[in-house]
Amino acid sequence: MIDRLEKEVDMLERHLQVLRIVIESEPIGIVKMSNETGYPHHKVRYSLRVLEEETLIEPSSQGAITTERTAEFVEDLDGKIDGIVEKLDGMKIEDAAEIES
């Protein structure tokens, strides 16, 4: 049950790492991103596709670049992540009465 969530979080982490590199080094291509992140080309390519579908990046002849929407997304990101963390903290059952086996 929790395995799917872990996989989604790992994938989100990769997408955000790729976005961070585009922000810091735009324009940047797949090969350079792959070398900097250690992710295989196909995973970088998939993350770029997801980011492009979200209109956070766009392709250029020199490589991926940010869009007008990127800055707003980055500004809102920490608050959204904090909200998710808070929700996940509320789901913990470690403080619940001990479960009888």
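Numbers here are sequence positions counted from 1.
Using modelled atom types, one side-chain atom of T37 and one backbone atom of M33 make a donor-acceptor pair closer than 3.5 Å.
Taking all atoms of both residues into account, the shortest heavy-atom contact from S60 to P27 is OG-CB, 4.0 Å. Among all heavy-atom pairs drawn from S34 and V44, the shortest one is CA-CG2, 4.0 Å. The two residues T55 and T67 come nearest to each other via the heavy atoms O-OG1, 2.6 Å.
Atom CG of L19 and atom CG of L51 lie 5.5 Å apart (nearest 0.5 Å). Rounding to the nearest 0.5 Å places CD1 of I65 at 13.0 Å from CG of L56.
Under the side-chain hydrogen bond (donor to acceptor under 3.5 Å, both in side chains) criterion, the residue pairs touching residues 11-31 are R14-S47, H15-S47, Q17-Y39, E26-T66, with sequence neighbours excluded. Applying the salt bridge (charged side-chain N to carboxylate O under 4.0 Å, His left out) definition to pairs two or more places apart or across chains, none involves residues 31-49.
Qualifying salt bridge (Lys or Arg N to Asp or Glu O under 4.0 Å) partners for D89, counting only residues two or more places apart in sequence or in other chains: K92.
E52 CD: more than 12 foreign heavy atoms inside a 6.0 Å radius.
You'll find the side chain of L88 reaches within 4.5 Å of the side chain of M91, heavy atoms only.
Residues I57 and I30 are members of one and the same hydrophobic cluster, defined by side-chain heavy-atom contacts under 4.5 angstrom among Ile, Leu, Val, Met, Phe, Trp and Tyr. Placement of L48 and V31 in two distinct hydrophobic clusters is found when ILVMFWY residues are connected by side-chain heavy-atom separations under 4.5 Å, directly or transitively. Linking ILVMFWY side-chain heavy atoms closer than 4.5 Å, directly or via other members, places I84 and L77 in two distinct hydrophobic clusters.
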